[in-house]
Amino acid sequence: MSALLEVEGLEKRYRLRRGRVLQAVAGVSFAIAPGEVLALVGESGCGKSTIGRCLLRLESPDGGSIRFGGERVDRLGAGAFRPYRKRIQMVFQDPYGSLDPRMRVADILAEPLVSLGLARGTGDAMPRVLELLDMVRMPRSAAERRPHEFSGGQRQRIGIARALAVQPELIVCDEAVSALDVSVKAQIVNLLADLRAELGLAMLFISHDLAIVERIADRVAVMYLGRIAEIGTAEAVLGAPRHPYTRGLLAAAPRIDAPLDPAVLLTGEPPDPAAPPSGCRFRTRCPRAQDRCAVEEPQLVPLDGGRAAACHFPEPAPARQDVPALEVP
Amino acid sequence: MSGPALPRVALRRPTQLEAGIAILLLILLVALLAPLIAGGRDPALILPHERALPPSLARPFGTDLLGRDLFARVLYGARVSLMVGLGVAAAATLAGTLVGVIAGYVRPLDGVLMRMVDGLMSIPPVLLAVAMVAVMRGSVFNVILAIALAELPRVVRLARASVQTVRGQLYVQAAITSGARTPAILIRHILPNIAAAMFVQATFIGASAIMLEAVLSFVGAGIPPTTPTWGNIMAEGRSLWQVKPHILVFPAILLCLTVLGVNLLGDGLRDRLDPRGGGAG
């Protein structure tokens, strides 16, 4: 299976005042196969949105490589990258800010088609605009209206329709449902799941909401301070986490069927990303940290169940396991 | 309820926008029809034996120190004021928006352009206009140019700040990911979204230009004294305002009314141009 998107050692640094440097993304690698949904989860500020923005060239990465369909795209100029915009699109977090208040919905949906040369104008794009409104379950009459006439959920449907306009192979959903009410959130996630099944879309689903990730993701990558802590199938990572951070994150998500377990709950705040701890970035909050963790930075090591974790002392594998775990030296 | 309903239009209070437009239309009409309304009174005709007469039926606003008819002079003066207000508003807004958009969107040019604007801004507007008129000779065109230059920094700063606000909006980033090129983003997203602010600013610039022109004429640095303007009429009346207040009062009332009209227009437009307001303003 050849990957649609391959990200290798991606780095992004921001220069702060007084010569301080914030390493938002510190060597992140992952791949997404055609039609696959990879969820990127983690606390705020862990660099997950920066990765999405790098993929769409809203930020330029400082290191590593991004390959799309086997072609390297991170070094391309703005003009050379344009053809790829037909293949990778984005759904933004804030459905209020991401739609131009002065444009009609028809113009908003036609913009990618016109900009990328697939239509000559909004009139020309109209059949596709109506088709898109059908796809996101919006009435066709919405085309003539302006964003402020719609609710947050409806606006996000419009945002999704815009991302789908040019028939991309991959869409990056940057916290696409975080700003919505709970009931609306479920509708939009279901819509995304349906569209993905209908269109065979691949997605990079950036979120901090594990319940939603569980609903939509095939694979999950957990990030902490700019690095991937654990990555693997959703079943393995969310069902039986091996990295202490994943475990803490899952323990922090309230569940109906089990009380919160204070033993594994994370305490404290994430450290200052501009001055990460030595060795393992998570050691300052890790219940399993030992001396070695302060010295040596753990690398991602394949473990059981098709997942890899970056931890010297991973949580024990689940008692009943079908795949033998690779022991970490 | 019984009886026929009263017509609603008659009862509704006019909005700010309507009031502003009405006042300005009235003054525009006065300016255009000045010769007609003045009824054959010549604003330049000097009648030495009729100096500084108080208002009467024959001379509604009285006469000035040279015996010229003030009614005619104030009416003709409206032409200069409106021309200056409109000219400066248009020139300063167009040029300022252009510079401001470039400074706001093209990062490398921002520093250079804004320091130049800061330099311009550090000179007091009246002083700058006086200096320019002194160098170029006073004419309506030169006065418009001088005041527009003095007003330019305000426009540039507003345009730049508005562009920076808009360019950070998600919908601009969405346009980038949609494949829109920079000129398209500027024309389709940035300009329409700053237009309302610039338009409202233009009305305030217009009002302030009308006053600045009056100030320039008042200090004798503006339009040649043979052309009647509200500013030079008031300047003349200034020394005698305690004994002959009519010379000062009439042009002052018209100046206030015009500035009020322009400001009402600006406020009304601001409310009206908000896409969410629905024109309720």
Side-chain angles (χ1 to χ4, degrees), chain A residues 49 52-53 55-59 78-79 81-104 107-119 121-122 145-149 155 158-160 162-166 168 171-172 174-176 179, chain B residues 93 97 100-102 104-111 158-159 161-202 269-281:
Chain A
S49 289
R53 295 172 58 81
L55 295 183
L56 280 136
R57 279 190 155 256
L58 290 171
E59 307 273 354
F81 184 72
R82 277 170 61 83
Y84 289 93
R85 296 209 181 273
K86 285 180 207 164
R87 306 175 64 185
I88 173 165
Q89 281 284 319
M90 183 153 180
V91 178
F92 291 86
Q93 170 171 11
D94 174 12
Y96 291 90
S98 62
L99 307 176
D100 189 330
R102 294 191 177 271
M103 286 169 75
R104 292 176 311 146
D107 296 316
I108 290 172
L109 296 184
E111 181 167 39
L113 296 163
V114 175
S115 297
L116 292 168
L118 299 174
T122 302
R145 295 160 72 184
R146 277 169 222 277
H148 72 265
E149 299 176 52
R155 284 163 168 247
I158 297 167
I160 292 168
R162 170 174 58 192
L164 295 174
V166 294
I171 59 176
V172 174
D174 184 6
E175 300 274 15
Chain B
T93 303
T97 304
V101 166
I102 293 171
Y105 206 84
V106 188
R107 286 258 161 82
L109 292 177
D110 187 23
L158 178 73
S162 307
V163 169
Q164 285 183 337
T165 310
V166 173
R167 74 172 287 171
Q169 295 289 319
L170 273 182
Y171 58 77
V172 173
Q173 307 202 347
I176 296 172
T177 65
S178 293
R181 294 186 171 89
T182 303
I185 289 172
L186 286 177
I187 291 167
R188 296 187 49 191
H189 296 285
I190 307 268
L191 276 180
N193 279 292
I194 72 165
M198 301 320 298
F199 218 80
V200 172
Q201 169 99 342
L269 275 178
R270 188 182 52 205
D271 296 340
R272 190 59 172 271
L273 289 176
D274 185 342
R276 285 158 292 268

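Because only heavy atoms are used, hydrogens play no part in the values below, and waters and symmetry mates are left out as well, while side chains stay in. Naming convention: chains lettered A, B, ... in sequence-line order (proteins, then strands); numbering from 1 in each chain.
Interface check for chain B: of the options A:Leu99, A:Val114, A:Leu56, the most heavy-atom pairs under 4.5 Å are formed by A:Leu99.
Counting heavy atoms from C-beta outward, A:Arg162 and A:Pro112 have side chains that approach closer than 4.5 Å. A 4.5 Å side-chain heavy-atom check between B:Gln164 and B:Asp110 finds at least one atom pair inside the cut-off. Under the 4.5 Å side-chain criterion, counting only non-hydrogen atoms from C-beta, B:Val166 is not in contact with B:His189. Between A:Met90 and A:Arg85 there is no side-chain heavy-atom pair separated by less than 4.5 Å.
For B:Ala195, no part lies under 4.5 angstrom from a heavy atom of chain A.
For a heavy-atom cut-off of 4.5 Å, chain A lies close to B:Arg181, B:Arg188 in residues 181-188 of chain B.
Between B:Ala159 and B:Thr97, the closest heavy-atom pair is CB-CA, 4.0 Å.
Salt-bridge check for A:Arg104 with A:Asp107: passed, with a basic side-chain N closer than 4.0 Å to an acidic carboxylate O.
Applying the 6.0 Å contact sphere to CZ of A:Phe81 captures more than 12 heavy atoms from other residues, nucleotides or ligands.
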